[in-house]
Amino acid sequence: APLLETLWHMAFNAGAGVTLEDETRFQAAVDTYRQAVDHHIHPEGYLPALVAGEDADSLKRQLMAVQSLVLTAEIAAHAGTDLWRYHNRGVSVLTAVTYPLYYYFYPEKWPWSGEESLSLEATQALFRERAGYLELAAGRYERPLRAIQMILDECRPVVDVLGGGLPTLTHGQPERRGLFG
């Protein structure tokens, strides 16, 4: 199966494995996740197999792949398996989360758009559709990333049907106000 389809099957199997208490299905999802980190995420953070088409949809494929990885890591965390910290050769899911953030603000710089340049409006709409993964990943960095916060400030409240439902309610970090807030 193509990589993007495999990654979404992974996320589905992680959720189904937990819900159905099917350890074999859950473990298969964990193994697929580790293989994705080990073999499919470039050290810079993009997934070469998904951007290789060099077309306007390459960014969408990248975001969908990252979303499936983040969902799987979050599902596994709730099941007692910490995939958020899994890394190989200095690469983790957070490497893939971080990579496309720059292109939210500068989509014309996306190196795999082919002949056509990505528009700011279309790119920001793509991020808004899938902003749930940013909400889930935001609290996983040692220090908060300003780019994630800026994107979430524009997108909140996040409603992401495929990416966690209402992650702003479940994972959003409350704003600190004043000295003791």
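Note that the numbering runs from 1 along the sequence shown for the chain. Hydrogens, waters and symmetry mates are skipped; everything else that's a heavy atom, side chains included, is used.
Here the CG-CD distance, from L69 to E74, works out to 13.5 Å after rounding to the nearest 0.5 Å. Interatomic distance, OG1 of T19 versus CD1 of I75, reported as 8.0 Å (0.5 Å rounding). Within the model, atoms CG of L63 and CG of D57 stand 11.0 Å from one another, a figure rounded to the nearest 0.5 Å. Interatomic distance, OG of S113 versus CD of E108, reported as 9.5 Å (0.5 Å rounding). Between the CD atom in Q35 and the OG1 atom in T6 there is a gap of 9.5 Å [rounded to 0.5 Å]. Annotation: the span from M150 atom CE to L101 atom CG amounts to 10.5 Å, rounded to 0.5 Å.
Between the side chains of Q27 and D31, a donor-acceptor pair is found at a separation under 3.5 Å.
Between A96 and I41, the closest heavy-atom pair is CB-CD1, 4.1 Å. Heavy atoms only, all atoms of each residue included: A14 and F26 are closest at O-CD1, 3.8 Å. For the residue pair V37 and S92, the shortest heavy atom distance occurs at CG1-CA, 4.2 Å. Nearest heavy atom pair, residue V91 against residue P43, reads CG2-CA, 3.5 Å. When all heavy atoms of A36 and L7 are compared, the closest pair comes out as CB-CD2, 3.8 Å. Minimum interatomic distance between L4 and A65 (heavy atoms only, all atoms of both residues): CD1-N, 3.6 Å.
Shown here is R85, whose CZ atom has no more than 12 heavy atoms of other residues, nucleotides or ligands within 6.0 Å. The environment of R89 atom CZ is dense: over 12 non-hydrogen atoms of other residues, nucleotides or ligands sit within 6.0 angstrom. Within a 6.0 Å sphere centred on OH of Y106, heavy atoms belonging to other residues, nucleotides or ligands number 12 at most.
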Worked check of side-chain contact (heavy atoms from CB on, under 4.5 Å) between V97 and I148: CA-CA 9 Å; V97 169; I148 289 179; 4.3 Å; yes
side-chain contact (heavy atoms from CB on, under 4.5 Å) between I151 and F105, worked out: CA-CA 9 Å; I151 294 169; F105 304 100; 3.9 Å; yes
side-chain contact (heavy atoms from CB on, under 4.5 Å) evaluation trace for M64 with Y133: CA-CA 9 Å; M64 289 175 70; Y133 87 88; over 6 Å; no
D38 and Y86: CA distance, side-chain angles, deciding distance, side chain to side chain donor-acceptor pair (under 3.5 Å) verdict: CA-CA 10 Å; D38 293 349; Y86 180 78; 2.7 Å; yes
T95/Y99 under side-chain contact (heavy atoms from CB on, under 4.5 Å): CA gap, chis, key distance, verdict: CA-CA 6 Å; T95 310; Y99 184 78; over 6 Å; no
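In this structure, T32 contributes its side chain and M10 its backbone to no donor-acceptor pair below 3.5 Å. One N or O on the side chain of Q62 and one on the backbone of G45 form a donor-acceptor pair closer than 3.5 Å. No donor-acceptor distance shorter than 3.5 angstrom exists from the side chain of T81 to the backbone of A77, with no hydrogens or angles considered.
Taking the side chain as every heavy atom from C-beta outward, Y103 and P111 approach each other to under 4.5 Å. Side-chain contact between D153 and R156 is present, with at least one heavy-atom pair separated by less than 4.5 Å. Within the 4.5 Å cutoff, no side-chain heavy atoms of H78 are placed close to those of V18. Within the 4.5 Å cutoff, the side chain of V93 has no heavy atoms near those of the L83 side chain. Counting only heavy atoms from C-beta outward, the side chains of Q67 and W8 approach each other to under 4.5 Å.
Hydrophobic clustering of Ile, Leu, Val, Met, Phe, Trp and Tyr side chains at less than 4.5 Å, counting indirect connections, keeps L120 apart from L59.
In this structure, E129 does not pair ionically with K60, as no charged nitrogen and carboxylate oxygen lie closer than 4.0 Å.
For Y104, the ring pair (Phe, Tyr, Trp, His ring centres under 6.0 Å) test picks out F127, with sequence neighbours left out.
Sorted by first and then second residue, the ring-ring contact (aromatic ring centres under 6.0 Å, His included) pairs with a member in residues 139-160 form an empty list; sequence neighbours excluded.
Note: Y46 and H42 have parallel aromatic rings, judged against thresholds of 30 and 60 degrees for the angle between ring planes.
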